[in-house]
Amino acid sequence: MKILGVETSSLIFSVAVADGPKILSYRQAEGQGPPALLLTEMIQEALEEAKLDLEGLDGFALSIGPGSFTGLRIGVMTVKVLAWALKKPVLPVSSLEVLAHNLAPSPVPVVPFLDARKGNVYMACFAPDKEGALRRTDPDALLRPDEVLERFEEPAILVGDGIKSYAALVNTVAPAGVEQADPSLWTPRADLLCGIAAGRWPEALVDDPHRLVPQYLYSQESDIIGKQNHTPPP
């Protein structure tokens with residue numbers, strides 16, 4: 001299956017084109033200029049390198065959050081428009097799951113730990129199976145960082161910019177067995193998104209792109225932004 005993956009939940013956007021598990025092209029860029037234009041250019045470049053056009057895709061993989069309000073809004077709306085125009089399905093994936101796969105395979109549970117502002121973090125937990133592949137054990141949640149750190153009694157590894165934002169707390173509250181991922185692994189990647197999507201195709205597809213909404217977890221912001229960006233079906 002030829003999939004275009006779009007990841008915009010952080011300050012670094014990424015786009016990948018995959019044919020099943022094989023990555024054909026990858027683009028990553030930190031926002032410069034209008035972010036919607038940046039994403040469009042990245043998509044065009046990735047398709048050109050993969051020697052494909054939009055019509056040649058079987059569908060899209062979309063990182064739906066939680067994460068940056070602005071980035072998610074742009075990513076979701078871009079994919080919604082393309083999917084509707086091309087009549088292609090979309091497979092949505094949690095941005096926290098994409099982030100966790102920076103550390104797959106892993107011998108211990110991986111805990112995304114993203115700064116959500118307002119004294120909170122976005123978190124989830126993914127535990128390894130016998131082969132080290134990560135399987136979700138906790139849903140995406142919005143919690144205080146101390147609530148996350150105090151729940152672990154066994155080894156685990158934190159990944160995400162919440163490690164830096166709440167460094168003093170992490171270094172004093174986290175149990176001894178909780179490690180910190182290298183900062184180079186704190187950003188979700190579209191190539192990992194495509195890998196996750198390839199393993200779930202076609203069971204988790206969304207055929208109606210109008211059903212897709214960013215996952216913000218902050219209910220008030222989600223309600224406001226969702227209303228502003230809702231496009232009614234024709």
Side-chain angles (χ1 to χ4, degrees), residues 7-14 62-76 92-129 132-189 192-193 196 204 212-227 229:
E7 211 305 314
T8 59
S9 69
S10 75
L11 297 178
I12 299 176
F13 289 6
S14 60
L62 174 64
S63 183
I64 60 168
S68 162
F69 292 168
T70 300
L72 288 171
R73 191 163 68 245
I74 291 168
V76 170
V93 179
S94 162
S95 302
L96 298 186
E97 182 171 4
V98 179
L99 176 60
H101 275 74
N102 274 322
L103 294 163
S106 173
V108 298
V110 176
V111 182
F113 193 74
L114 286 184
D115 185 3
R117 314 302 180 190
K118 302 182 181 180
N120 295 313
V121 293
Y122 299 122
M123 68 81 62
C125 186
F126 299 86
D129 60 17
L134 296 175
R135 309 295 180 190
R136 179 185 290 277
T137 58
D138 286 325
D140 293 357
L142 178 69
L143 298 171
R144 296 195 316 271
D146 58 302
E147 292 179 306
V148 178
L149 299 171
E150 290 170 353
R151 67 170 52 189
F152 294 100
E153 298 179 356
E154 300 192 5
I157 184 164
L158 300 177
V159 58
D161 61 1
I163 296 172
K164 179 179 180 180
S165 300
Y166 300 102
L169 195 62
V170 170
N171 292 328
T172 56
V173 175
V178 175
E179 301 178 11
Q180 302 172 23
D182 187 86
S184 64
L185 302 175
W186 290 359
T187 302
R189 294 171 51 99
L192 299 178
L193 165 65
I196 295 170
L212 295 168
V213 294
Q215 177 182 224
Y216 294 119
L217 298 185
Y218 274 110
S219 59
Q220 182 178 1
E221 285 87 339
S222 177
D223 290 342
I224 294 172
I225 295 172
K227 290 175 183 177
N229 289 277

Minimum side-chain heavy-atom gap [X]-[Y] below 4.5 Å:
X	Y	value
S10	P188	yes
P214	I64	no
L158	L149	yes
E97	R136	yes
L62	V93	no
P109	P128	yes
V110	V159	yes
V148	F113	yes

If the condition is side chain to side chain donor-acceptor pair (under 3.5 Å), which residues does S94 pass it with, not counting sequence neighbours? D140
Looking only at heavy atoms, what is the nearest atom pair of [X] and [Y], with distance?
X	Y	result
V98	E7	CG1-CG, 4.4 Å
A156	V111	CB-CG2, 4.3 Å
L217	P66	CD1-CG, 3.9 Å
A104	L134	CB-CD1, 3.9 Å
L142	A116	CD1-CB, 3.6 Å

Quick one: do the S63 and S95 side chains pair a donor with an acceptor below 3.5 Å? yes
Reported [atom1]-to-[atom2] distance for the pair [X] and [Y], which is rounded to 0.5 angstrom:
X	Y	atom1	atom2	answer
R117	S68	CZ	OG	9.0 Å
E150	L169	CD	CG	8.0 Å
T187	L11	OG1	CG	8.5 Å
H101	L185	NE2	CG	13.5 Å
E147	M123	CD	CE	10.0 Å

What salt bridge (Lys or Arg N to Asp or Glu O under 4.0 Å) pairs are there with at least one residue in residues 154-168, not counting sequence neighbours? none
Judged by atom type as modelled, is there a donor-acceptor pair below 3.5 Å linking the side chain of [X] to the main-chain atoms of [Y]?
X	Y	value
R144	D146	no
T8	G71	yes
Q180	D182	no
W186	L114	no

Report the residues that fulfil side-chain contact (heavy atoms from CB on, under 4.5 Å) with A204, sequence neighbours left out, ordered by chain and then residue number. L91, R200
When you look at F126 and T137, which way does the side-chain contact (heavy atoms from CB on, under 4.5 Å) test go after all the steps? CA-CA 6 Å; F126 299 86; T137 58; over 6 Å; no
Dump the intermediate steps for side chain to side chain donor-acceptor pair (under 3.5 Å) on Y122 and D115, then the final yes or no. CA-CA 6 Å; Y122 299 122; D115 185 3; over 6 Å; no
